[in-house]
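One structure below.
Lettering of chains follows the sequences in order, A, B, ..., and the numbering in each one begins at 1.
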Amino acid sequence: MESSRVWYGRELLALAKEDPTIVALDADLSRSTMSTFIEQELPRQFFEIGIAEQNMVGIAAGLALNGMKPFVNSFAVFLTGRAYDQIRQVIAYPALNVKLVGSSAGLSDFGDGATHQSIEDISLMRTLPNMAVISPADHVQTKAITNYLARFQGPAYLRISRADTEQIFPDDYRFVLGKVDLLLQGDDLAIISTGTLTATALKAARRMEAQGIKAAVINVSTIKPLDKNDLLKSIGGNRRVITIEEHSIYGGLGSTVAEILIQEKAGYHLKIMGIRDLFGQSGESHQELLNHYQLTEEDLITAATALLSD
Amino acid sequence: MQIEEKLREKAKELRRAIFMMIGANCVGHFGGSLSVAEIMTVLYFHQMKYDPQNPGLKGRDRLILSKGHSAPAQYAAMALAGFFPREELSSLKKLGSRLQGHPNLLSLPGIEANTGSLGQGLSMAVGMALAERLQKEKGRFYVILGDGELQEGQVWEAAMAAANFGLHTITAIVDHNKLQATGPICQRMNIGELRSKWEAFGWHVIEVNGHSIPELIQAFNAAEQNLKGPTVVIAHTVKGKGVSFMESVAKYHNGLVDENQFQQAMAELQ
């Protein structure tokens, strides 16, 4: 198990060593977001903004307007929610080269409860023109995406979990914006997942395989701009599709996939799994919350079985 | 002094351009555009170093109109300064125009920041000034804020940050016309005493008559010489300045001017 946020922080530091225009900003959470690596080793390329996310986003816009490549760090919930208007008005609208990195996404900040759990950030960022929205599934992908974003011109939102994850992607994985990852072939149904739940989807699919059910597993890290044709190609002949994400069922991966499939007139049966119009709450572990909100392997197998008997 | 006389004439020309741009029988942000006319004039035609033929020039001075609704005043100044042809002013707020209702840097070269959602300009200046410090550039940053805009909390976050980072290249100008869209600020949401607020946030404060060209010039020069931290120029102004029926009348924040009023205004601004 590895920590995506640590891999993000290390990669950002490595990139900043090579490129003096890369700077990190944080709002008093650098030891959680892991911008602390850059803070400690390259203090000139780090700005502590204090507990002021709105100001931080505006400052990032100013830095980008003067040719810097700012990475803005905070918890996903504060960055995308508290500073939504700033992100809209001065980052997305002028299409500035600012990377917004939302940490502790989903339910991964289990103990702190609803105030700190971000289950609507994908929805908020996805609706903004010019904004890329990216949700990695493991530490390898997180590292690759961080590297990609350092060269990507324009605004992007990167969603990082606080939870440790199992390695899914090979060490030499290369990220391509918009492309999906077909991780497992299968022609009974397709499971489309993002973030931490891709590992869950893979485990569920392997268990189903033992029961004679062949599920394709497709990881979608680029929620936007998503290559529709690549997604449809990966779904292939499957007409039963389940999406699963650590996010509200409104506006996230499930909505993204639904918007695509419903316009295909191909008769897809779709089940969207996520957090059902509820706030999070405190729990003693991330897994306990995933159990409570019915986002486990067992829940996925139950949903798949129900969908197949439709 | 000849220069002052020239700038006074320029400010008049700028006010006329604001009227021509918005036009008769149209709604526009007259009040706050007229109150910043001298501030705009002094910045664009005396104080700032820039090249209208090369708006992206490195190390240039920059104006961020944080009170973006006063865009007509900035567009007028930019047209008079040669950023774009004067004829283009009449395209204000028309579909596809570079002159959006609020400034958009993607459409109009020379606009330094997208503003309109109030309270955000000073933060962007802080970012620009931090970048220039790293890049060892020497540009200065002028941020025009409305006094009503000071009700936005982000302004004070940015004020704190500018002082914290010792950004002496930033000069904020508060267009203190005492009126917001719906009435007198002291009655709608009193912003209280400004000098002590800015001083408490670590800023050097200069108060001027915002329609006095020599006072503005002197204040901007003093700000440039202050190397300790950021300076704010609290410019006492009159909303709707220069047009008798608009002066200190809140409804012309964004108001309609009919044909007769338009003619009267143009006559008064000759």
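Most heavy-atom pairs under 4.5 Å with chain A: of the set V126(B), I64(B), L134(B), L122(B), this distinction falls to L134(B). Among L65(A), V90(A), I51(A), I59(A), the residue making the largest number of heavy-atom pairs under 4.5 Å with chain B is I59(A).
At a 4.5 Å heavy-atom cutoff, the contact between I49(A) and chain B is made by side-chain atoms alone. Looking at A52(A), the atoms closer than 4.5 Å to chain B (heavy atoms on both sides) sit in the backbone and in the side chain alike. Heavy-atom distances place no part of A125(B) under 4.5 Å from chain A, backbone and side chain included. Contacts of V57(A) with chain B are absent, with no heavy-atom separation under 4.5 Å from either backbone or side chain.
Environment of NZ in K228(A): sparse, with no more than 12 heavy atoms of neighbouring residues, nucleotides or ligands closer than 6.0 Å. Surrounding CZ of F84(B) are more than 12 heavy atoms belonging to other residues, nucleotides or ligands, all under 6.0 Å away.
The shortest non-hydrogen separation linking M124(B) to A61(A) is CG-CB, 3.9 Å. Scanning both residues, L106(B) and P94(A), for their nearest heavy atoms gives CD2-O, 3.6 Å.
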I'd like a table of all donor-acceptor pairs linking chain A to chain B (distance under 3.5 Å, no angle check), giving the atom names and the distance to one decimal.
unit_1: Q54(A); atom_1: O; unit_2: Q154(B); atom_2: NE2; d: 3.4
unit_1: N55(A); atom_1: N; unit_2: E157(B); atom_2: OE1; d: 3.0
unit_1: N55(A); atom_1: OD1; unit_2: S123(B); atom_2: OG; d: 2.6
unit_1: N55(A); atom_1: ND2; unit_2: E157(B); atom_2: O; d: 3.2
unit_1: N66(A); atom_1: O; unit_2: Q135(B); atom_2: NE2; d: 2.5
unit_1: N66(A); atom_1: OD1; unit_2: R62(B); atom_2: NH1; d: 2.7
unit_1: N66(A); atom_1: OD1; unit_2: R62(B); atom_2: NH2; d: 2.8
unit_1: N66(A); atom_1: ND2; unit_2: M128(B); atom_2: O; d: 3.4
unit_1: N66(A); atom_1: ND2; unit_2: E132(B); atom_2: OE2; d: 3.4
unit_1: D85(A); atom_1: OD2; unit_2: S117(B); atom_2: OG; d: 2.4
unit_1: D85(A); atom_1: OD2; unit_2: Q120(B); atom_2: NE2; d: 2.8
unit_1: Q86(A); atom_1: NE2; unit_2: Q154(B); atom_2: OE1; d: 2.7
unit_1: Y93(A); atom_1: OH; unit_2: N104(B); atom_2: ND2; d: 3.3

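Pairs engaging residues 19-38 of chain A under the ring-ring contact (aromatic ring centres under 6.0 Å, His included) rule: none recorded [sequence neighbours left out].
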